[in-house]
Amino acid sequence: MASGNSFYITTPIFYVNDAPHIGHAYTEVAADVLARWHRQAGDDTWSLTGTDEHGEKILRTATANGTTPKEWADKLVTEAWKPLLATINIKNDDFIRTTDERHETNVQLFLQRLFDAGFVYSGEYEALYCVGCEEFKPQSEIVDGTGPFEGQKVCAIHSKPLELLQEKNYFFRMSDFTDRLLALYEERPEFIQPESARNEVIQFVKQGLSDLSISRSSFDWGVKVPWDDSHVVYVWFDALLNYVTAVGYGQDEEEFARRWPATHIVGKDILRFHAVIWPAMLLAAGLEVPKQVFGHGWLLVGGEKMSKSKLTGIAPTEITDTFGSDAFRYYFMRAIAFGQDGSFSWEDLSARYQSELANGFGNLASRVIAMVTRYFDGVVPAEAERTDAELVIHAEVSAASDLADASMEKLAVHDAIAAIWRIVDELNGYITDQEPWALSKDEANRERLGTVLYTALEGLRALAVLLSPVLPEATARLWTALGAVGALGALEDQPLREAGTWGQLPAGTQVSALEALFPRIEATVN
RNA sequence: GGCAGGGUAGCUCAGUUGGUGAGAGCGCACGACUCAUAAUCGUGAGGUCGCGGGUUCGAAUCCCGCUCCUGCUACCA
């Protein structure tokens with residue numbers, strides 16, 4: 001392990017003030033499945049997630065809750081975000097918090113370097129300020145006034161006129177990078193994916209970039225600007241740097257060289273920060289830009305974008321309490337083309353759980369284990385003469401394995417799972433065709449029966465390996481039931497790219513009882 | 001308003017550079033089977049391919065108009 005190519009994958013860091021919902025969990029699962037896949041394939045894998053804890057809003061909620069921002073963040077990390085990772089069975093290598101010293105120190109180092117290189121200057125930031133909110137308002141919260149405020153710009157929350165105020169800020173010369181970014185997008189089409197995301201970014205950058213205000217002086221919960229401690233670093237500038245500070249930037253150059261650059265998995269809402277601002281920052285600092293920025297879609301609930309502000313947010317535990325973490329992971333990875341918007345519904349979740357996991361994969365495992373137990377006392381039979389039917393299965397398993405790996409390489413997780421699932425369908429059909437229960441009635445068919453069941457067992461072995469990144473719990477149970485732990489070693493040590501190689505499970509291995517992998521769920525949900 | 005993407009069987013979606021009678025999965029109906037989580041396997045029914053024009057021997061696939069949906073339109077997490 002850890003001998004292959006570097007594969008460093010990141011999720012966005014959670015804004016601690018948010019309430020965890022299935023959108024957060026979706027991003028995490030996607031990154032986790034990819035990380036587990038690469039890790040098990042022998043690539044030098046590192047997966048990172050974490051939390052973003054600075055900014056005025058956090059300061060304000062902490063104060064409102066009678067505590068300090070750090071204590072507030074500690075509480076949320078402990079009570080909300082780390083439990084989320086456990087709920088959906090995330091196996092991350094690191095968890096960075098923007099309040100970590102390794103982060104804060106090196107954000108300052110990074111900023112100082114940009115300053116020294118002339119990419120940061122002091123300027124006037126002018127924007128509309130809402131007295132009610134006590135903050136500068138973003139475009140999205142500025143609306144045209146009505147009634148007495150006709151013709152004026154008002155705050156969307158307070159509906160009161162906004163004041164045009166100025167504040168001294170430090171600016172990053174992002175405008176210098178317009179052409180270099182466009183050249184980057186042109187030279188490396190895979191830099192931003194999928195295509196729709198790439199097009200939007202290019203379209204945006206073509207309009208020309210302006211400089212970015214990267215400091216604030218109206219509050220102090222953030223990383224201090226190293227040469228002027230009356231300012232703190234703008235939260236986005238701070239947050240984006242987690243991807244490098246977590247892997248040694250500024251303090252462990254060997255580790256940094258080993259990991260960087262990363263593949264960033266992000267939601268569409270924050271695509272621009274990652275595909276424009278972030279590479280511009282890196283270029284200015286003389287660092288490599290990310291390997292790829294992949295923007296996934298939204299989860300639509302009832303045809304609408306799910307959001308925390310509306311009441312459509314669904315807590316992941318609502319799903320996992322009934323269906324389990326494996327089903328959660330499977331459902332979102334299988335049902336939604338990664339990169340596109342996808343609609344979530346309880347009906348679809350239940351239907352797929354029932355037909356694909358319970359009746360498809362789960363029942364396949366049950367019937368095979370049961371027959372081996374009944375006809376061979378649980379001992380894996382030897383494979384005798386192969387017929388065309390077996391050769392078809394061998395070819396199918398091998399092809400599915402290759403196709404799945406190629407799909408994962410393209411971050412097409414849904415295609416990878418669909419490819420693997422062909423094995424499930426083929427095996428179910430094969431067993432029905434070969435009728436092992438009929439073969440068992442005549443001792444003369446003993447060898448043939450053994451061959452059929454061996455073929456089914458080997459298919460299950462391949463499925464367990466290929467599906468382990470998506471269904472870590474169920475495949476671990478299947479692996480144990482197959483007796484493969486003793487015969488082949490731990491499931492997570494099985495080389496993924498060799499999963500399609502036939503004949504790995506030795507005859508003579510003892511299988512054991514298997515509880516239903518995905519038990520029927522009788523109660524109707526909602 | 002501008003830019004981008006999309007409207008294909010009940011549902012979720014595929015449909016290369018226009019060309020055998022428009023596909024998959026699920027659901028549904030019928031049949032087979034019984035090893036298995038009342039599971040499995042097979043067969044079948046179901047579509048004006050958003051609407052209206054046009055190009056073409058021929059368009060879901062190209063062009064024009066219309067309509068509906070979604071996203072982006074910078075300092076919001």
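Each chain gets a letter, A, B and so on, in the order its sequence line appears, and its residues count up from 1.
- Across all strands, A/Asp52 comes closer than 4.0 Å to base atoms (heavy-atom distances).
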Scoring nucleotides 29-40 of chain B by protein non-hydrogen atoms under 4.0 Å (B base, S sugar-phosphate only, - none) yields ----SSBBB-SS

Donor-acceptor pairs under 3.5 Å, side chain of residues 324-331 of chain A to any protein atom, not counting sequence neighbours: which ones?
from, atom 1, to, atom 2, distance (Å)
A/Asp326, OD1, A/Glu473, N, 3.3
A/Asp326, OD2, A/Glu473, N, 3.2
A/Asp326, OD2, A/Ala474, N, 2.6
A/Arg329, NE, A/Val470, O, 3.0
A/Arg329, NH1, A/Asp32, OD2, 2.8
A/Arg329, NH1, A/Ile88, O, 3.0
A/Arg329, NH1, A/Asn89, O, 2.9
A/Arg329, NH2, A/Asp32, OD2, 2.8
A/Arg329, NH2, A/Pro469, O, 2.7
A/Tyr330, OH, A/Arg334, NH1, 2.8
A/Tyr330, OH, A/Glu356, OE1, 2.6
A/Tyr331, OH, A/Asp348, OD2, 3.0

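- Ion pair A/Glu515/A/Arg477 not flagged as a salt bridge, since none of the NZ, NE, NH1 or NH2 atoms sits closer than 4.0 Å to an Asp/Glu carboxylate oxygen.
- Residue-level contact check: A/Ile214 touches neither bases nor backbone, having no heavy atom under 4.0 Å from any strand.
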Report, one pair per line, the protein and nucleotides 7-17 of chain B atoms (nitrogen or oxygen only) whose separation is under 3.5 Å.
from, atom 1, to, atom 2, distance (Å)
B/U12, O3', A/Ser343, OG, 3.4
B/A14, OP1, A/Gln340, OE1, 3.2

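- Listed by first and then second residue, the side-chain hydrogen bond (donor to acceptor under 3.5 Å, both in side chains) pairs that reach into residues 203-213 of chain A are A/Tyr121-A/Asp211, A/Asn169-A/Ser213, A/Ser175-A/Asp211, A/Ser213-A/Arg216, sequence neighbours excluded.
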Return one dot-bracket line describing RNA chain B 5' to 3' (Watson-Crick or G-U wobble pairs, both distances under 3.5 Å; ( ) same strand, [ ] crossing, | another strand, . none). (((((((..((((.....[...)))).(((((.......))))).....(((((..]....))))))))))))....

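- For residues 203-212 of chain A, proximity to RNA chain B is found at A/Gln203, A/Phe204, A/Gly208, A/Leu209, A/Ser210, A/Asp211, A/Leu212, defined as any non-hydrogen atom under 4.0 angstrom from a strand atom.
- At the heavy-atom level, A/Ala239 lies under 4.0 Å from base atoms of the strands shown.
- Ring-plane geometry between A/Trp221 and A/His54 is classed as perpendicular, the angle between the planes exceeding 60 degrees on a 0 to 90 degree scale with a lower cut at 30.
- Between A/Glu390 and A/Arg448 there is a salt bridge, since a side-chain N of the basic residue sits under 4.0 Å from a carboxylate O of the acidic one.
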